[in-house]
Number of protein chains: 2
Amino acid sequence: MRKPLYMEVAEEIKRRISEGIYKPQEKLTSEPVLAEELGVSRGTLREALTSLENEGIISRKHGKGSFVNKNPDKVLAGIERLDNLVSTIRQAGHVAQDKVLNIDEISIEPKIAEMLEVEPGTKGYVIESLRFSDDVPVIYCYDVLPGGLIDNKDLLKARYRCESLTDFFDNHTKYHPQKFVATANALLPPKRVEELLNVASTQPMIYLEGVMYDDNDTPINYGYQYYRGDKYQFKLVRSR
Amino acid sequence: MRKPLYMEVAEEIKRRISEGIYKPQEKLTSEPVLAEELGVSRGTLREALTSLENEGIISRKHGKGSFVNKNPDKVLAGIERLDNLVSTIRQAGHVAQDKVLNIDEISIEPKIAEMLEVEPGTKGYVIESLRFSDDVPVIYCYDVLPGGLIDNKDLLKARYRCESLTDFFDNHTKYHPQKFVATANALLPPKRVEELLNVASTQPMIYLEGVMYDDNDTPINYGYQYYRGDKYQFKLVRSR
DNA sequence: TAGTGGTCTAGACCACCAT
DNA sequence: TGGTGGTCTAGACCACTAG
């Protein structure tokens, strides 16, 4: 079984929506009937519907039915998604590029060491990088990796050939980034960021700072990013 | 059946975690065994585990088991949650206050009318309000309501006695806010915001702008907010 | 009352992981 | 290989909404 059945079912329903067989605001065929029609059990159909609901494509109303949302496309891909920045820029229809500025060995300062759950003064690496959209630098990234994660310093050179730190972790280490727990803020750029991104010192920036965890809850890097507020926007759905 | 069984099961597991029967990083009893032990079907147990996973309390690893996460408490309550701003400030340990500046009748301009799905020029109401933290104004809110939602203009006076527009909708109308679809940005304050929040014109602000929808996907208000970047921070979890 | 989504069961087989 | 979580089925009953 390549793909789980319920995913194929979800895709079939998406297809029907995009082909206009089910239109926004309209009710879907009821669960028992649709399950029969698609040749799956109701349980499997419900798994598919649940995933569509989580994606914001449909809404279910107890006793009434399941309805196609307005703008089933628009939403998604927002600030709560940990995506490759480069692919996010591409999806927005721009030419994207990643550039690593430098990789240096450092001694991790206490504040960051605590977040990374290592001893202060432990060896680590700092990676500075930029992301470009249509040849304009729009994001500055500063990342600190505990040295313990990297067996061999040469391994880090692979970062130059990756499109992001996440790609590097996925493809060259045994750690797989799962979530970035952060705080969001608005700040003016420090001198270095001002110069690298070539923005005015009065240009407000979106500032995200936090720690990345892998799927075993191991902290794998501390990082912060400055996003040009005039060039980069986050989509966001706040819900109850 | 008061509570669904799977919710009770989820609570029982949470209880075991908080009582230290299952400790962070440890593996839970396997699904077949735990289901038998709790006297429910494996399907029901899995529903409970899924909800715990969505809450970030456990992680499941195919072929290995389900594990209690570190810090099963901390996270959550971030930018993706549509919460009463006042209660959010209180939770952070500050004295919070809401103040409505004014409520005016207006003719809705085309750009906003489109977002609210009404005809340009339709009558509507503008509400300007501030949120205070320890007597310091930290958030400026500008909201536009389609006139059609409000039978009687006097009804709006109730807004003065609410702690937020969301409370007003919940308690005085038949509309119940469900989600705020928005964009996030960093901006410098316009003159009016600069004066009302008493901030420097160079103080970066977090700017959220979007449309609120009720549970039937009816747009119930357009709004934007300016948050003082130096006084207000958002928590945020970006995950895959 | 009829139809809808919500919950629950019992049992089966598959895919992943460590040994 | 044996144990774990992942997927799937068929059938039952409950709770909500509307006419």
Side-chain angles (χ1 to χ4, degrees), chain A residues 1-13 17 22 25-69 170 174-176 178 214-218, chain B residues 1-13 17 22 25-69 174-176 178 214-218 240:
Chain A
M1 199 177 308
R2 302 301 293 251
K3 251 183 202 167
L5 227 199
Y6 74 89
M7 283 191 190
E8 286 185 18
V9 170
E11 281 165 19
E12 167 63 17
I13 297 171
I17 293 172
Y22 297 132
Q25 306 278 64
E26 273 184 16
K27 194 164 81 69
L28 260 54
T29 312
S30 75
E31 292 184 1
V33 176
L34 187 53
E36 164 109 359
E37 180 183 323
L38 296 173
V40 300
S41 72
R42 192 177 154 219
T44 298
L45 171 62
R46 278 180 58 77
E47 273 188 284
L49 293 177
T50 298
S51 80
L52 293 178
E53 187 175 30
N54 291 338
E55 289 181 58
I57 295 174
I58 64 167
S59 297
R60 290 146 114 183
K61 310 279 168 65
H62 196 167
K64 304 211 309 195
S66 294
F67 300 82
V68 180
N69 285 340
D170 276 335
K174 62 180 178 181
Y175 303 98
H176 301 286
Q178 198 59 29
D214 83 343
D215 44 16
N216 291 310
D217 271 327
T218 304
Chain B
M1 199 178 310
R2 302 301 293 253
K3 252 181 202 170
L5 227 200
Y6 74 89
M7 283 191 191
E8 286 185 15
V9 170
E11 281 165 18
E12 166 63 15
I13 296 171
I17 292 173
Y22 296 132
Q25 306 279 62
E26 272 184 15
K27 194 165 82 70
L28 260 55
T29 313
S30 75
E31 292 183 0
V33 176
L34 188 53
E36 164 108 355
E37 180 183 323
L38 296 172
V40 300
S41 72
R42 191 176 154 219
T44 299
L45 171 61
R46 278 181 60 77
E47 272 188 285
L49 292 178
T50 298
S51 81
L52 293 179
E53 188 175 28
N54 290 338
E55 288 181 58
I57 295 174
I58 65 167
S59 298
R60 292 147 116 182
K61 311 281 168 63
H62 195 167
K64 303 203 334 192
S66 295
F67 300 82
V68 180
N69 285 339
K174 62 179 178 181
Y175 303 98
H176 300 286
Q178 197 59 28
D214 83 343
D215 44 16
N216 291 311
D217 270 328
T218 304
R240 292 181 134 177

> Hey, does the side chain of Arg60(B) come within less than 4.0 Å of dG6(D)'s phosphate (OP1/OP2), counting only N and O?
Replying inline: yes
> Measuring from Arg46(B):CZ to Thr44(B):OG1, what's the distance to the nearest 0.5 Å?
Replying inline: 11.5 Å
>> Quick check for you: among dA18(C), dC8(D), dG6(D), whose closest atom lies nearest to any side-chain atom of His62(B)?
In response: dG6(D)
>> Restricting to side chain to side chain donor-acceptor pair (under 3.5 Å), what partner residues turn up for Glu36(B), sequence neighbours left out?
In response: none
> CG of Leu5(A) versus C1' of dT9(D): gap in Å, rounded?
Replying inline: 11 Å
>> Closest-nucleotide mapping onto DNA chain C: is Gly63(A) or Glu53(A) further toward the 5' terminus? I mean the 5' end.
In response: Gly63(A)
> Glu36(A) CD to dT4(C) C1': how many Å, rounded?
Replying inline: 17 Å
>> Counting C-beta onward and ignoring hydrogens, is there a side-chain heavy-atom pair between Leu49(B) and Ile13(B) closer than 4.5 Å?
In response: yes
Heteroatom pairs (N/O) under 3.5 angstrom, protein to nucleotides 10-13 of chain D:
{"residue": "dA12(D)", "atom": "N6", "partner": "Arg42(A)", "partner atom": "NH1", "Å": "3.3"}

> Should the pair Glu31(A)-Arg60(A) be classified as a salt bridge under the 4.0 Å nitrogen-to-oxygen rule?
Replying inline: yes
>> Checking Thr29(A) against Tyr22(A): is there a side-chain donor and acceptor pair closer than 3.5 Å?
In response: yes
> Within the structure, does a side-chain N or O atom of Ser30(B) lie under 4.0 Å from either OP1 or OP2 of dG3(D)?
Replying inline: no
> Roughly how many Å is it from CZ in Phe67(A) to P in dT17(D), rounded to a whole number?
Replying inline: 12 Å
> How long is the line joining CG of Leu34(A) and C1' of dT4(C), in whole Å?
Replying inline: 13 Å
>> Below the 4.0 Å mark, does dT9(C) have OP1 or OP2 next to a side-chain nitrogen or oxygen of Thr44(B)?
In response: yes
> Got a second to check how far Ile17(A)'s CD1 is from Glu12(A)'s CD, nearest 0.5 Å?
Replying inline: 10.5 Å
> To the nearest angstrom, how far is Glu47(B) atom CD from dG6(D) atom C1'?
Replying inline: 15 Å
> Does the side chain of Lys61(B) get closer than 4.0 angstrom to OP1 or OP2 of dT4(D) through an N or O atom?
Replying inline: no
> Do Asp214(B) and His176(B) get their side chains close enough for a donor-acceptor pair, meaning under 3.5 Å?
Replying inline: no
> Taking only side-chain nitrogens and oxygens of Ser66(B), does any of them come within less than 4.0 Å of OP1 or OP2 of dT4(D)?
Replying inline: no
>> Quick check: on DNA chain D, is the nucleotide nearest Met7(A) upstream (toward 5') of the one nearest Lys64(A), or the reverse? Name the residue that is more 5'.
In response: Met7(A)
>> Distance check needed: dA15(C) C1' versus Lys3(A) NZ, whole Å only.
In response: 17 Å
> Which nucleotide, dA18(D), dG5(D), dT7(C), lies nearest any side-chain atom of Tyr6(B)?
Replying inline: dT7(C)
> What's the CD-P distance between Glu31(B) and dA15(C), to the nearest Å?
Replying inline: 17 Å
> Any idea which of dC8(D), dT7(C), dG6(D) is nearest the Arg46(A) side chain?
Replying inline: dT7(C)
>> Rounded to whole Å, how long is the line connecting atom NZ of Lys27(A) with atom P of dT17(D)?
In response: 15 Å
>> Any strand counts, and the cut-off is 3.5 Å on both contacts for Watson-Crick or G-U wobble. Which nucleotide pairs with dG5(C)?
In response: dC14(D)
>> What I'd like to find out is whether the side chain of Lys64(B) reaches to under 4.5 Å of the side chain of Lys27(B), using heavy atoms alone.
In response: no
